[in-house]
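Here's the structure we're looking at; comments come further down.
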Amino acid sequence: LSTTKPGSLLKKQIPIKLTQWDTQKVGYQEVDLVSHCGGNASGQFAHTISLTEISTGWWEGEGIMNKGQRQTLEGLKEIRKRTPFNWLGIDSDNGSEFINYHLLKYTQDEDLEFSRSRPNHKNDNAYIEQKNWTHVRQVVGYARYDTQQEVDAINDLYRHELRLYKNFFIPQMKLKSK
């Protein structure tokens, strides 16, 4: 079941970036959206904006009620307020929640690099895909959340205990070579 829709013609304006990150610089993020539809993608339901900083592995999450372009941008802005580092760039998948004029304008106004992965290549966003499992699915699960009260409870967890636990008490390891 996929709840991702392809982006628009903006794809030509947003360059593709693969996983060759300069991990010496702090501030480059991979971002993804995790759906909480419980296997039923009809109607309105919650999503998690999941973001990880490439160099440090720092993770942040923000629940939103739907994956509209403006809601996604507002969620990213909320996440940015909490991160303890300056943002240099954002890399997303090709969903319309990220590939849109609102986020493109925001990244241009904020002087942020904006890149995207190749369509249908989850390994291009391997850093965030791993965190989607360990930080979102293992904690929140696969249930359907479709009320604002549920989104508020998810955000309370993300903004407080979970982010502190995952960022300060869980060790980060990186593959040095393969």
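In this text, all values refer to a predicted model and were calculated from it rather than measured experimentally.
- One finds no salt bridge joining E60 and R159 here, because no Lys/Arg side-chain nitrogen approaches an Asp/Glu carboxylate oxygen to under 4.0 Å.
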request  = List the steps and the verdict of side-chain contact (heavy atoms from CB on, under 4.5 Å) for I99 and I14.
outcome  = CA-CA 8 Å; I99 307 302; I14 302 168; 3.9 Å; yes

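- Within a 6.0 Å radius of CZ in F85, other residues, nucleotides and ligands contribute more than 12 heavy atoms.
- By the ring-ring contact (aromatic ring centres under 6.0 Å, His included) test, F169 is found to be paired with no residue, residues two or more places apart in sequence or in another chain being considered.
- Each salt bridge (Lys or Arg N to Asp or Glu O under 4.0 Å) pair with one or both residues in residues 145-155, not counting sequence neighbours, appears once here: R144-D146.
- Residues H47 and V151 form no side-chain contact, since every pair of their non-hydrogen atoms from C-beta on lies 4.5 Å or further apart.
- Listed by chain and residue number, nothing satisfies the salt bridge (charged side-chain N to carboxylate O under 4.0 Å, His left out) test with E53 (two or more places apart in sequence, or in another chain).
- Remark: the backbone N or O of Y127 is not paired with any side-chain donor or acceptor of E129 at under 3.5 angstrom.
- Legend: salt bridge (Lys or Arg N to Asp or Glu O under 4.0 Å) pairs involving residues 69-79, not counting sequence neighbours, sorted by first then second residue: E74-K77, E78-K81.
- Ion pair K131/E30 not flagged as a salt bridge, since none of the NZ, NE, NH1 or NH2 atoms sits closer than 4.0 Å to an Asp/Glu carboxylate oxygen.
- Take S50 and apply the side chain to side chain donor-acceptor pair (under 3.5 Å) test, not counting sequence neighbours, and it matches W59, N132.
- The shortest distance between side-chain heavy atoms of F45 and S35 falls below 4.5 Å.
- Checked against I128 for a side-chain contact (heavy atoms from CB on, under 4.5 Å), the options D91, T52, V34 give a single hit: T52.
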What donor-acceptor contacts under 3.5 angstrom involve side-chain atoms of residues 102-111, with partners at least two apart or in another chain?
residue, atom, partner, partner atom, Å
K105, NZ, D109, OD2, 2.7
Y106, OH, R80, NH1, 2.9
T107, OG1, L103, O, 3.2
T107, OG1, L104, O, 2.8
E110, OE1, R80, NH1, 3.2

